[in-house]
K.L.:
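Attaching a single structure in structure tokens format; questions to follow.
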Amino acid sequence: MTALIALATAIGLALTLLTAAPPATAAADLLSQGRPATSSSTENAATPASAAVDGNPRTRWSSTFSDPQWLGVDLGSTFTISRVELRWEAAYARAFQIQTSDNGTTWTTVYSTTTSTGGLQTLDVNGNGRYVRVHGTQRGTAYGYSLWEFQVYGSGGGTPPGNGIPDPTTASLEAANGPLTTAGYTVPSPSGYGSGTVTYPTAGGPYPGVVLMPGYQGTQQNLQWLAPRLASWGFVVINVGTNTLTDDPGSRGRQITAAGTQLLALGNAPGNPLSGKLNGTLGAVGHSMGGGGVMAALRDDPRFRAGVPTAPYYPNMNFSSVTEPTFFLTCQSDPVAHGNSYAVPWYNSMSQSEKLYIEVPGDHLCPMTDYGNKAKQGKWIVSFLSLWLRADTRFGPFLCGPVRDGDKNDASLVTRWMDTCPF
């Protein structure tokens, strides 16, 4: 008997060792987006170096038609670089190197190839530096070098540039405000929409911008609860008042685009509090007709990289072409825009996008100020936009996996949950 107990103990210990989880490793952060970029040349004014780090897959950098050429980015401080992603336009590099530098003068090669075929390339690298560049030595075509996106991932150096955000917890995400101090700014001359109040982090930057759009007969008060939550987690948020209270979802989509355009312009203009605060990436949250407008913006405006339509309403509309990450938040007892009528068919048709669908108790007003469980709704929205607009993978567990299961399996909190996890 003693021998059997000893054998069982040994087997149990061995199984424990075999099934133990590997040590956790730090997730790579997107370090380059919105950072200062320079290049050896540009083909013309429409293809600047900055276009390759703006997060917009439809803008690009291109060089003059000669060898060699380079494109570089200043990360702001020294980081450990673990991955570089290149999204080449048709004019690609057949031979190139990825190089890092501490001073922007002396370079170390961390990756090299002479047989590139262009397209989308994900390169695992191992290096350190404040500056990272792709240095092309042989063109693959008769044209120059051209990149839709140049993305540098890594860790260390404190936090990613413009971040300063501590690790999120359930308690901190469910609090009314996040870790960053915020301030407000009223847009002096709204262009293409009725009014705009911006809430932004006072320190650091640049950050993604987020447009909040109300529903039918709604005002800025509709989503007022969300603006300070998002801003205090690292977003520049414009809460929009519409041109009229009784227009339509298509108009709301156009106003979202107009507000995003003006928000980015303010970030590029000196002399206002938003100068230097925007990194060029946009997201949107909208309620009812505003939620339908979010879907239109995701479909029609490539600057919008993620959206949260809440109780969305847009009759007879097909959004199967939307490819950006989308979080549908709907209300179980909604007599106006029930999920089965709009959000669920859209969700099912969007075969190329990452998706999250959460239905909660309440009627059509459940996502609005003073309605619904704002601690939970705020946690989900902040996490979704942090994951997809800042590539901050620390927020992923609150939407995918065991950490989120307490919410997902609570029938009093969530009446339906669908997702494309793992994201």
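Atom set for the values below is all heavy atoms of this structure, side chains included, hydrogens, waters and symmetry mates excluded. Position 1 is the first residue of the sequence, and the numbers go up from there.
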K.L.:
Cut-off 3.5 Å, side chains only: do Thr113 and Ser116 have a donor facing an acceptor?
P.N.:
no
K.L.:
So, Thr369 and Gln224: side-chain donor and acceptor under 3.5 Å apart, yes or no?
P.N.:
no
K.L.:
Run the salt bridge (charged side-chain N to carboxylate O under 4.0 Å, His left out) test against Arg254 and tell me which residues pass, sequence neighbours left out.
P.N.:
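By the salt bridge (charged side-chain N to carboxylate O under 4.0 Å, His left out) rule, Arg254 matches no residue at all.
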K.L.:
Is Asp167 paired with Arg394 through a side-chain N to carboxylate O contact shorter than 4.0 Å?
P.N.:
yes
K.L.:
Verify whether one side chain among Thr281 and Gln33 offers a donor that lies under 3.5 Å from an acceptor in the other.
P.N.:
yes
K.L.:
Can you tell me which residue pairs pass the disulfide (SG to SG under 2.5 Å) test with a partner in residues 316-367, sequence neighbours excluded?
P.N.:
Cys331-Cys366
K.L.:
Between Tyr357 and Trp346, is the gap from one ring center to the other below 6.0 Å?
P.N.:
no
K.L.:
Look at the side chain of Ser63 and the backbone N and O of Tyr145, then say whether any donor-acceptor pair between them is shorter than 3.5 Å.
P.N.:
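Flag set: sc Ser63 to bb Tyr145 pair under 3.5 Å.
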K.L.:
With a cut-off of under 6.0 Å to the ring centre and 45° to the axis, is Arg404 in cation-pi contact with Phe398?
P.N.:
no
K.L.:
Does a side-chain heavy-atom distance below 4.5 Å link Lys376 with Leu413?
P.N.:
yes
K.L.:
Taking the six-membered ring of Trp107 (Phe, Tyr or Trp), confirm whether the NZ or CZ of Arg133 is under 6.0 Å from its centre and within 45° of its axis.
P.N.:
yes
K.L.:
Tell me whether Lys355 forms a cation-pi arrangement with Tyr347, defined as NZ or CZ under 6.0 Å from the six-membered ring centre and within 45 degrees of its axis.
P.N.:
yes
K.L.:
Report yes if the side chains of Trp380 and Ile358 come closer than 4.5 Å at any heavy-atom pair, otherwise no.
P.N.:
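SC-SC contact between Trp380 and Ile358 confirmed.
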K.L.:
Would His338 and His364 count as a close aromatic pair, with their ring centres under 6.0 Å?
P.N.:
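Ring centres of His364 and His338 not closer than 6.0 Å.
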K.L.:
Check the orientation of Phe327 and Phe384. Use parallel for under 30°, tilted for 30 to 60°, and perpendicular for over 60°.
P.N.:
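If you compare the ring of Phe327 with that of Phe384, the planes turn out tilted.
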K.L.:
Check whether the side chains of Ser62 and Thr47 place a donor and an acceptor atom closer than 3.5 Å, and report yes or no.
P.N.:
yes
K.L.:
Between Arg390 and Phe235, is NZ or CZ placed under 6.0 angstrom from the six-membered ring centre and within 45° of the ring axis?
P.N.:
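Arg390 over Phe235 ring: yes.
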K.L.:
Any luck finding a side-chain donor-acceptor pair between Arg94 and Tyr92 under 3.5 Å?
P.N.:
yes
K.L.:
When you check the side-chain N and O atoms of Gln255 and Asp247, is any donor under 3.5 Å from an acceptor?
P.N.:
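There is such a pair between these side chains.
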K.L.:
Can you measure from NZ (Lys379) to CG (Asn373) and round to the nearest 0.5 angstrom?
P.N.:
9.0 Å
K.L.:
Apply side-chain hydrogen bond (donor to acceptor under 3.5 Å, both in side chains) to Asn340 and list each qualifying residue two or more places apart in sequence or on a separate chain.
P.N.:
Arg416
K.L.:
Which class fits the ring pair Trp388 and Phe423: parallel under 30°, tilted 30 to 60°, perpendicular over 60°?
P.N.:
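Rings of Trp388 and Phe423: perpendicular, as their planes differ by over 60°.
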